Amino acid sequence: ISSTLYNYNIPYGDILMNVIVTLVYGSMARKFAKYSILPMAHYAKRIGAKLVIHKEIEQGPLSERTRAMLSKLTIMRDTLSKNDRVIWIDSDILMNVSAPNLFEIVPPQSYGGYDEFRTIKHTDGAGLLESYRRCFQEEGWAPCEINNSFNCGLQVASKEHIKLFESSKNVGDYDLCEQARINYRIKSLGIETFSLEEKWNLKPDRFSTYPNYLDAYALHYTGVSNELRLSLMARDSKLISGRTEAFLKIPHLLPTSSES
């Protein structure tokens, strides 16, 4: 899978680094990226991470959407084989460049993400559970109770978590097929987890629950139509651009380990 590396002349040498990765494939993703890549790049630069933008997905008979979801497993696995830690950020996420350093917040031994089951009444709980049911059936796994459902649109993983992203051969066309596999493996492998606050993965149907949703660390424009996603991203990117420019003019942009 080809990629583009944003290397801000940081002397990486042969040292294993922290990396932020995303996938921009297809016409709609490229439209999302028009708004998301610049703040993502600013955030990567601020926390001293490489930003790698992947532009190809797995080939095969499945739908483009499913192959893109499965490509997340491949990209995470390949990146972790060469680097210490990785943050995955979907291309439909607007990052707040003033957000704390996720690599400092999530302990290296823990997989980090936002647990959607914390607000399941506001999300498509039936859809999530159906994805898990199909995943168990395809993989031949015994059904089990899943207590957490970490949204893998924004996730933090370390090299020791590489088994979470093993490839799968028996996959049908359905939503969240990769998320179901990651969450099952978290449970079956006994992986330690770190649950991020919702402001790290705030969705449009939850904007109204925040006094000012633009203060969230990551706005994730999922759960709505593509047309509405583009409209909201265009609107909000304009609203936060002034904040971004003002923040980047601050002389000392030191990462913080606090979420406050």
Side-chain angles (χ1 to χ4, degrees), residues 1-4 20-37 40 52-79 86-95 113-114 116-117 120 122-139 141 146 149-155 157 164-186 201-206 218-234:
I1 296 178
S2 69
S3 62
T4 299
I20 294 177
V21 291
T22 192
L23 173 65
V24 179
Y25 179 85
S27 59
M28 190 57 62
R30 287 191 291 272
K31 292 177 182 178
F32 298 153
K34 174 183 176 182
Y35 305 110
S36 64
I37 292 301
M40 202 181 298
V52 182
I53 304 171
H54 289 267
K55 299 179 179 179
E56 294 182 3
I57 62 174
E58 302 287 344
Q59 300 302 305
L62 296 171
S63 69
E64 181 179 297
R65 178 174 173 77
T66 297
R67 287 185 286 118
M69 288 186 286
L70 294 175
S71 294
K72 189 178 296 186
L73 300 177
T74 303
I75 293 168
M76 287 292 288
R77 186 175 65 251
D78 289 351
T79 307
V86 178
I87 299 172
W88 175 281
I89 304 176
D90 277 355
S91 63
D92 62 350
I93 289 179
L94 286 181
M95 287 300 299
Y114 173 64
E116 292 187 298
F117 279 179
I120 194 66
H122 301 287
T123 60
D124 183 12
L128 281 174
L129 295 176
E130 174 61 15
S131 294
Y132 284 119
R133 187 195 67 76
R134 292 193 60 173
C135 171
F136 295 162
Q137 186 177 50
E138 290 170 349
E139 297 289 354
W141 294 333
I146 298 294
S149 182
F150 292 98
N151 184 292
C152 57
L154 187 150
Q155 57 184 324
L164 294 178
F165 309 100
E166 290 181 348
S167 60
S168 297
K169 295 182 179 179
N170 301 317
V171 183
D173 275 312
Y174 59 96
D175 201 19
L176 304 175
C177 60
E178 89 290 19
Q179 184 167 314
R181 284 163 170 78
I182 290 170
N183 279 276
Y184 176 86
R185 290 166 180 159
I186 287 173
N201 205 317
L202 188 62
K203 300 178 182 180
D205 66 336
R206 296 281 291 163
L219 300 173
H220 192 181
Y221 297 84
T222 186
V224 296
S225 69
N226 285 335
E227 292 73 19
L228 183 55
R229 277 203 278 183
L230 282 173
S231 175
L232 292 175
M233 291 183 77

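On a predicted model such as this, the values are computed, not experimentally measured, just so you know.
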Response to the item:
Residue set satisfying salt bridge (Lys or Arg N to Asp or Glu O under 4.0 Å) with Glu139, at least two apart, ordered chain then number -> Arg181
Discussion item. Quick one about Tyr25 and Ser71 (side-chain donor to acceptor, distance below 3.5 Å, no hydrogens or angles considered), yes or no?
Written reply: no
Discussion item. Assess the residue pair Asn226 and Lys31 against the criterion (side-chain contact (heavy atoms from CB on, under 4.5 Å)); give the C-alpha distance rounded to whole Å, side-chain angles, the decisive distance to 0.1 Å, and a yes or no.
Written reply: CA-CA 10 Å; Asn226 285 335; Lys31 292 177 182 178; over 6 Å; no
Worksheet item: Got a sec, which residues hit side chain to side chain donor-acceptor pair (under 3.5 Å) with Tyr35, two or more places apart in sequence or on another chain?
Response: none
Discussion item. Taking Ile57's backbone N and O only, do any of them form a donor-acceptor pair with Gln59's side chain (distance below 3.5 Å, no angle check)?
Written reply: yes
Worksheet item: Do the side chains of Glu64 and Met28 get nearer than 4.5 Å, heavy atoms only?
Response: no
Response to the item:
Minimal heavy-atom distance between Ser149 and Tyr132, with the atoms involved, is OG-OH, 2.9 Å
Discussion item. Please evaluate residues Thr79 and Trp88 with respect to the criterion side-chain contact (heavy atoms from CB on, under 4.5 Å), reporting the C-alpha separation (whole Å), side-chain torsions for both, the decisive distance (0.1 Å), and the verdict.
Written reply: CA-CA 10 Å; Thr79 307; Trp88 175 281; over 6 Å; no
Item to complete: Could you tell me which residues satisfy salt bridge (Lys or Arg N to Asp or Glu O under 4.0 Å) with Asp173, sequence neighbours excluded, listed by chain and number?
Response: none
Worksheet item: Atom CG in Asn151, atom OH in Tyr114: separation rounded to 0.5 Å?
Response: 9.0 Å
Item to complete: Identify the heavy atoms of Gly153 and His220 that sit nearest to each other, and give their distance.
Response: CA-CE1, 3.9 Å
Fill in: Pair Leu94-Tyr221, side-chain contact (heavy atoms from CB on, under 4.5 Å): steps then yes or no
CA-CA 8 Å; Leu94 286 181; Tyr221 297 84; 3.4 Å; yes
Practice prompt. Please answer whether the main-chain N or O of Ser91 pairs with a side-chain N or O of Ser36 as donor and acceptor at a distance below 3.5 Å.
Written response: yes
Worksheet item: Would a 4.5 Å heavy-atom cut-off, applied to side chains only, mark Phe32 and Asp90 as touching?
Response: no
Worksheet item: Do Arg133 and Glu130 meet the salt-bridge criterion of a basic N to acidic O distance under 4.0 Å?
Response: yes
Discussion item. Check this for me: Glu166, atom CD, are more than 12 non-hydrogen atoms of other residues, nucleotides or ligands nearer than 6.0 Å?
Written reply: yes
Worksheet item: For Gly172, does its backbone N or O pair with a side-chain atom of Glu138 as donor and acceptor, under 3.5 Å?
Response: yes
Discussion item. Please give me the minimum heavy-atom distance between Leu62 and Arg67, naming the atom from each residue.
Written reply: O-NE, 2.9 Å
Worksheet item: Got a sec, which residues hit side chain to side chain donor-acceptor pair (under 3.5 Å) with Thr22, two or more places apart in sequence or on another chain?
Response: none
Worksheet item: Taking atom CD of Glu58 and atom CG of Leu70, what is their separation to the nearest 0.5 Å?
Response: 7.0 Å
Item to complete: Verify side-chain contact (heavy atoms from CB on, under 4.5 Å) between Lys203 and Val224, making sure each step is shown before the conclusion.
Response: CA-CA 9 Å; Lys203 300 178 182 180; Val224 296; over 6 Å; no
Item to complete: Sequence neighbours left out, what passes salt bridge (Lys or Arg N to Asp or Glu O under 4.0 Å) with Arg229? Give chain and number order.
Response: Asp92
Discussion item. Tell me every residue that passes salt bridge (Lys or Arg N to Asp or Glu O under 4.0 Å) with Arg30, counting only those two or more places apart in sequence or in another chain.
Written reply: none
Discussion item. Give me the atom names and distance for the closest heavy-atom approach of Cys177 to Met69.
Written reply: SG-CE, 3.9 Å
Fill in: Where Leu164 and Ile186 come nearest, the two heavy atoms and their spacing
CD2-N, 3.5 Å
Worksheet, complete the sentence: Correct closest heavy-atom pair for Met76 and Ala157 would be CE-CB, 3.9 Å
Item to complete: Working to the nearest 0.5 Å, report the span between CG of Leu232 and CG of Leu219.
Response: 10.0 Å
Item to complete: Look at the side chain of Gln179 and the backbone N and O of Leu176, then say whether any donor-acceptor pair between them is shorter than 3.5 Å.
Response: no
Worksheet item: How many angstroms lie between CD1 in Ile93 and CE in Met40, if you round to the nearest 0.5 Å?
Response: 7.0 Å
